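What you are looking at is a predicted structure, and each value in this text was computed from that prediction instead of being measured.
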Amino acid sequence: MCGVAGFLIDSEFSSSINYEAAIKKMTDSIKHRGPDDFGFWNSLSDGIYLGHRRLSILDLSEAGHQPMESSNGRFVIAFNGEIYNHLQIRSEIEKINNNISWRGHSDTETILSSFETFGIEASIEKFIGMFAFSLWDRKNKILTLARDRLGEKPMYYGWQNTINGRVFLFGSELKAVKSFPNIDLKVDRGSLSLFLRHAYIPNPYSIYENIFSLESGQILQVSLSNKEPRTFNYWDASEIIKKGSIK
């Protein structure tokens, strides 16, 4: 289990807060998810900050440190989970690029190389495993969030108003989102009603207003040029059932 946290700040956001302290506070709040290592990455000119707490599993060396950049420098990822077929995907990549030089043995590096080789959506469709991640595309200035097919790994997100301006927050747990400075999260009464009815809050809602849970099998993309998050399914259980029932 690892932890992901981060934020994308609006272009009109006041710079009076310490961004590095903010991302550290967010990741410290989910330290229990990844006690082995932590890391931060940012592009201040783009307003993006990624944070990660690491539980070392596949690659215990520094080669598995996150957030991790792709070999061509285009993508930066903070990843939570495990891709069970990552060695098979490595073999597919090596058939296309036989000059590739792997830095380590982590599935995170495989993921980034797959994005470079096959593209984001096509790669996610290849992944077999449990995962949730945040990915920054330095070329197109787009933030992508994604969650595994059955939603085993969590991801929360949403735009929030602070005294400094608007910020898009995301994280593996709500406590990471809550840790951003000068934020005043309000309980969503509709979600509270859902909790009293079902004894849990169903996706895509959370207990807070304008903070949502990314649904299973879903991809979200957002940018400062297109601030309304766009979500779409790359996998849908009902569609799989329909296909399987056709004789």
Give a yes or no on whether the ring-centroid distance for Phe180 and Tyr49 is below 6.0 angstrom.
no

Less than 4.0 angstrom from a charged side-chain N to a carboxylate O is my criterion; do Lys227 and Asp10 meet it?
yes

Answer whether the closest heavy-atom distance between the side chains of Asn182 and Ile17 falls below 4.5 Å.
yes

Taking it one step at a time, do Ser179 and Lys25 satisfy side chain to side chain contact (heavy atoms under 4.5 Å, CB included)?
CA-CA 6 Å; Ser179 297; Lys25 186 177 180 183; 4.0 Å; yes

Using side chain to side chain contact (heavy atoms under 4.5 Å, CB included), reason through Gln66 and Thr108 one step at a time and then give a plain yes or no.
CA-CA 9 Å; Gln66 295 190 52; Thr108 309; 3.2 Å; yes

Side-chain (Arg149) to main-chain (Glu125) donor-acceptor, under 3.5 angstrom
yes

Answer whether the closest heavy-atom distance between the side chains of Ile183 and Lys178 falls below 4.5 Å.
no

Ala22 versus Pro181, closest heavy-atom pair with distance
CB-CD, 3.7 Å

Look only at the side chain of Ser172 and the backbone of Gly3, and say whether a donor-acceptor pair between them is shorter than 3.5 Å.
no

Considering only NZ, NE, NH1 and NH2 on the basic side and carboxylate oxygens on the acidic side, decide whether Glu69 and Arg74 come within less than 4.0 Å.
no

CD of Gln218 to CE of Met155: how many Å apart, nearest 0.5 Å?
12.0 Å

Any idea how Tyr200 and His198 line up, ring-wise: parallel (<30°), tilted (30 to 60°), or perpendicular (>60°)?
tilted

More than 12 non-hydrogen atoms from neighbouring residues, nucleotides or ligands closer than 6.0 Å to NZ on Lys141, yes or no?
yes

Would a 4.5 Å heavy-atom cut-off, applied to side chains only, mark Trp235 and Ile240 as touching?
yes

In terms of heavy-atom contacts, Asn164 and Ser16 come closest through ND2-OG, 2.6 Å

Would you mind reporting whether Asn80 and Phe133 have side-chain heavy atoms less than 4.5 Å apart?
no

For a side chain to side chain contact (heavy atoms under 4.5 Å, CB included) check, start with the C-alpha distance between Thr162 and Val167, then their side-chain angles and the critical distance, and finish with the verdict.
CA-CA 8 Å; Thr162 75; Val167 58; 4.0 Å; yes

Begin from the C-alpha positions of Tyr208 and Ser191 and carry the test side chain to side chain contact (heavy atoms under 4.5 Å, CB included) through to its verdict.
CA-CA 8 Å; Tyr208 297 115; Ser191 294; over 6 Å; no

Tell me if a side-chain donor or acceptor on Thr231 pairs with a main-chain N or O of Ile219 at a distance below 3.5 Å.
no

Can you name the nearest heavy-atom pair linking His52 to Cys2, along with the distance?
NE2-CB, 3.6 Å

Any Leu174 side-chain heavy atom under 4.5 Å of Ser206 side chain
yes

Heavy-atom closest pair (Ser134 atom, Leu145 atom, distance to 0.1 Å) is CB-CD2, 3.5 Å

Contact between Asp37 and Arg53 at the side-chain level, heavy atoms closer than 4.5 Å - yes or no?
no

Side-chain heavy atoms under 4.5 angstrom apart, residues restricted to Ile, Leu, Val, Met, Phe, Trp, Tyr: same cluster for Phe170 and Ile30?
no

With rounding to the nearest 0.5 angstrom, report the NE2 to CG distance, His65 to Asp36.
12.5 Å

Is the closest side-chain heavy-atom distance between Ile77 and Phe115 below 4.5 Å?
yes

Working to the nearest 0.5 angstrom, can you tell me the gap between Lys24 NZ and Asn18 CG?
11.0 Å

Considering the options Leu185, Asp188, Leu194, Val187, which one meets the side-chain contact (heavy atoms from CB on, under 4.5 Å) requirement together with Ile207?
Val187

Show your working on side-chain hydrogen bond (donor to acceptor under 3.5 Å, both in side chains) between Glu173 and Ser29 and close with a plain yes or no.
CA-CA 9 Å; Glu173 296 186 18; Ser29 72; over 6 Å; no

Indicate if Met26 and Leu8 have the same hydrophobic cluster label, given that clusters are the connected sets of ILVMFWY residues with side-chain heavy-atom separations under 4.5 angstrom.
no

Using a cut-off of 6.0 Å, state whether more than 12 heavy atoms not belonging to Tyr234 lie near its atom OH.
yes

Nearest 0.5 Å please: distance from the NZ atom of Lys153 over to the CG atom of Asp148.
8.5 Å

A cation-pi test, strictly: NZ or CZ of Lys126 under 6.0 Å from the centre of the six-membered ring of Phe118 and no more than 45 degrees from its axis. Yes or no?
yes

Under the 3.5 angstrom rule, does the side chain of Asn85 hit a backbone N or O of Ile128 as a donor-acceptor pair?
yes

ILVMFWY cluster, Ile163 and Tyr19 together (side-chain gap under 4.5 Å)
no

CD1/Ile211 to CG/Leu169 distance, rounded to the nearest 0.5 angstrom?
5.5 Å

Would you check if Gln160 and Phe168 make a side-chain contact, meaning some heavy-atom pair closer than 4.5 Å?
no

Any Lys/Arg nitrogen of Arg147 or Glu215 sitting under 4.0 Å from an Asp/Glu carboxylate oxygen of the other?
no

Quick check: does any side chain N or O of Asp107 sit under 3.5 Å from a backbone N or O of Thr110, one acting as donor and the other as acceptor?
no

Whether Glu109 and Arg90 form a salt bridge (side-chain N of Lys/Arg under 4.0 Å from carboxylate O of Asp/Glu) is what I want to check.
yes

Atom pair CD (Glu92) and OG (Ser123), whose distance is rounded to the nearest 0.5 Å:
9.5 Å

Do the side chain of Asn233 and the main chain of Asp236 share a donor and acceptor less than 3.5 angstrom apart?
no

Just checking Glu94: does its CD atom have more than 12 heavy atoms from other residues, nucleotides or ligands closer to it than 6.0 angstrom?
yes

Might you confirm whether atom CZ of Phe40 has over 12 heavy atoms from other residues, nucleotides or ligands at distances under 6.0 Å?
yes

Closest approach of Leu220 and Pro229, non-hydrogen atoms and distance?
CD1-CB, 3.8 Å

Quick check on the hydrophobic clustering: are Val222 and Val76 connected, directly or via other members, by side-chain heavy-atom contacts under 4.5 Å?
yes

Taking only Lys NZ, Arg NE, NH1 and NH2, and the carboxylate oxygens of Asp or Glu, determine whether Arg138 and Asp46 approach each other closer than 4.0 Å.
no

Taking every heavy atom of Thr27 against every heavy atom of Ala5, the minimum-distance pair comes out as CG2-CB, 4.2 Å

Where the side chain of Gln221 meets the backbone of Ile142, is there a donor-acceptor pair that is under 3.5 Å apart?
no

Kindly work out whether a path of hydrophobic side-chain contacts (I/L/V/M/F/W/Y, heavy atoms less than 4.5 Å apart) joins Ile93 to Phe79.
yes

